[in-house]
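Heads up: the structure comes next, in structure tokens.
As the structure lists them, so they are numbered: ligands from 1, and atoms in each ligand from 1.
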Amino acid sequence: MARREPVYEVVQVLARSILGAQGLRVQWRGLENIPTEGGVLLAVNHTSYVDFLEAGLAARRAGRWPRYMLKAELKKIRVMAFLIKHCGAIGVDREHGAESYHEAVAALEAGEAVIVYPEATISRSFELKEFKSGAARMSIEADVPIVPLIVWGTQRIWSKGTQRRIGRHRFPVVVEAGPAIRPDGDDPVALTARLRAAMGETLLAAQRGFPAPAGEDWVPARLGGGAPPPEEALRLEQEEFALRKAKREAKRHANGG
Ligand SMILES: CCCCCCCCCCCCCCCC(=O)OC[C@@H](O)COP(=O)(O)O
């Protein structure tokens with residue numbers, strides 16, 4: 001961010017301390033692909049509730065104070081609202097995204113780094129889901145590059161459909177940035193496809209040599225693990241979202257709206 005934000009500085013130290021307390025063995029790779037200045041989108045795969053820590057710290061290692069795009073519902077939690085405000089995060093209303101879209105484009109045009117999750121939600125298969133086109137549209141509109149950023153291994157700590165493993169477990173994690181993609185006159189559909197392909201390649205690179213014990217709940221089905229394959233993962237996600245929607249509506253009725 002443009003101005004110095006003491007809260008964000010403290011949050012960064014806390015983020016590092018959390019990784020240190022877990023004893024995570026993080027390998028940072030390809031971070032030279034993150035430009036040290038100028039507007040840039042960092043497109044991150046979403047496999048866990050905690051991958052935002054590594055994504056943000058990767059940006060910090062490139063000297064950036066990244067502005068996260070995250071679901072606006074988080075603002076309902078007091079401490080999150082505080083963090084979001086002081087860390088310049090941009091709340092996304094997943095049903096009406098226009099406002100956050102414009103806020104992010106303005107940030108990119110002002111030369112800031114913006115973290116975006118093109119899958120919009122955690123992938124329970126740990127494979128790349130279908131992508132939303134927002135990242136590509138923002139890149140085109142602000143004329144800034146997109147850096148594919150893969151965080152691999154944090155799904156073993158805390159994700160969906162997995163056992164939660166909190167504590168000093170010393171798990172390995174790979175954080176790998178791929179070469180930046182420029183919009184180059186592509187339309188949003190073509191650029192989204194290029195971004196997804198680039199993130200897929202970086203994901204495979206991050207997985208090379210990474211442990212994949214057979215049957216484990218955090219290992220993708222493709223690698224012999226126990227995670228649901230993409231179609232099954234999508235079905236579980238749709239179930240969860242339908243249930244949430246029903247709950248929201250029941251609440252609205254109860255409140256007389
Ligand atoms: C320098 C790095 C330090 C980190 C700075 C953090 C500043 C921003 C604070 C807010 C972070 C909140 C992260 C919440 C992560 C999370 O909860 O992800 C899961 C959701 O997406 C998926 O939710 P859903 O799709 O609705 O199931």
Side-chain angles (χ1 to χ4, degrees), residues 1 4-22 24 26 28 31 34 36 40 42-95 97 100 103-104 107 112-126 128-132 134-135 149 151 154-155 157-162 164 166 173 175 177 228 233-248:
M1 291 191 290
R4 190 170 162 272
E5 177 44 89
V7 171
Y8 208 167
E9 290 184 15
V10 172
V11 167
Q12 175 201 207
V13 173
L14 285 176
R16 287 215 178 110
S17 314
I18 292 171
L19 267 57
Q22 298 173 119
L24 285 197
V26 186
W28 308 93
L31 299 191
I34 303 175
T36 54
V40 62
L42 305 176
V44 188
N45 65 324
H46 204 359
T47 62
S48 78
Y49 290 106
V50 288
D51 49 20
F52 73 96
L53 291 168
E54 285 76 10
L57 290 171
R60 283 300 305 129
R61 291 171 88 93
R64 311 303 300 254
W65 289 102
R67 297 190 53 184
Y68 289 84
M69 292 190 83
L70 32 79
K71 57 173 182 173
E73 296 102 287
L74 288 169
K75 283 190 199 163
K76 289 187 202 145
I77 307 166
R78 252 233 212 128
V79 55
M80 289 296 179
F82 178 83
L83 289 176
I84 287 170
K85 180 173 156 209
H86 288 279
C87 300
I90 300 166
V92 182
D93 179 336
R94 285 195 280 210
E95 275 156 36
S100 57
E103 196 179 341
E112 303 204 62
V114 174
I115 290 180
V116 63
Y117 290 91
E119 301 166 276
T121 183
I122 291 175
S123 167
R124 298 159 187 263
S125 67
F126 312 127
L128 297 179
K129 285 163 39 74
E130 287 304 304
F131 277 21
K132 305 271 181 190
L149 186 63
V151 178
T154 62
Q155 74 276 18
I157 303 168
W158 184 15
S159 188
K160 293 189 181 184
T162 56
R164 202 191 299 181
I166 306 290
V173 169
V175 181
L234 186 61
R235 204 184 52 73
L236 293 167
E237 176 188 311
Q238 284 166 346
E239 261 174 34
E240 184 198 352
F241 278 65
L243 197 67
R244 275 199 215 171
K245 191 165 176 214
K247 275 192 191 150
R248 270 203 311 273

Can you give each donor-acceptor pair under 3.5 Å made by side-chain atoms of residues 68-82, sequence neighbours left out, with the distance rounded to 0.1 Å?
unit_1, atom_1, unit_2, atom_2, d
Y68, OH, F52, O, 2.6
Y68, OH, G56, N, 3.3

Practice task
Ignoring hydrogens and angles, tell me if any N or O in the side chain of S159 forms a donor-acceptor pair with the backbone of T47 under 3.5 Å.
Solution key: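 Confirmed, S159 side chain pairs with T47 backbone.
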Exercise for the section: May I ask you to decide if A120's main-chain N or O and R94's side chain share a donor-acceptor pair within less than 3.5 Å? Expected result: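 Here the side-chain-to-backbone pair exists.
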Run through all N or O atoms in ligand 1 and write down each protein N or O closer than 3.5 Å, as a pair with its distance.
unit_1, atom_1, unit_2, atom_2, d
ligand 1, 21 (O), H46, NE2, 2.8
ligand 1, 23 (O), K71, NZ, 3.2
ligand 1, 25 (O), R94, NH1, 3.1
ligand 1, 25 (O), R94, NH2, 3.4
ligand 1, 25 (O), T121, OG1, 2.4
ligand 1, 26 (O), K71, NZ, 2.7
ligand 1, 26 (O), R94, NH2, 2.6
ligand 1, 26 (O), R244, NH1, 2.8
ligand 1, 26 (O), R244, NH2, 3.2
ligand 1, 27 (O), K160, NZ, 2.4
ligand 1, 27 (O), R244, NH2, 2.7

Problem - Pair listing, salt bridge (Lys or Arg N to Asp or Glu O under 4.0 Å) test, anchored in residues 8-20, at least two apart - result: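 Residue pairs with at least one partner in residues 8-20: R4-E9.
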Exercise for the section: Output yes when E95 and R248 qualify as a salt bridge under the 4.0 Å nitrogen-oxygen rule, no when they do not. Expected result: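 So E95 pairs with R248 through a salt bridge.
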Practice task
Identify, with sequence neighbours excluded, every residue that meets salt bridge (charged side-chain N to carboxylate O under 4.0 Å, His left out) alongside E237.
Solution key: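 With sequence neighbours excluded, E237 shows a salt bridge (charged side-chain N to carboxylate O under 4.0 Å, His left out) to K129, given in chain and number order.
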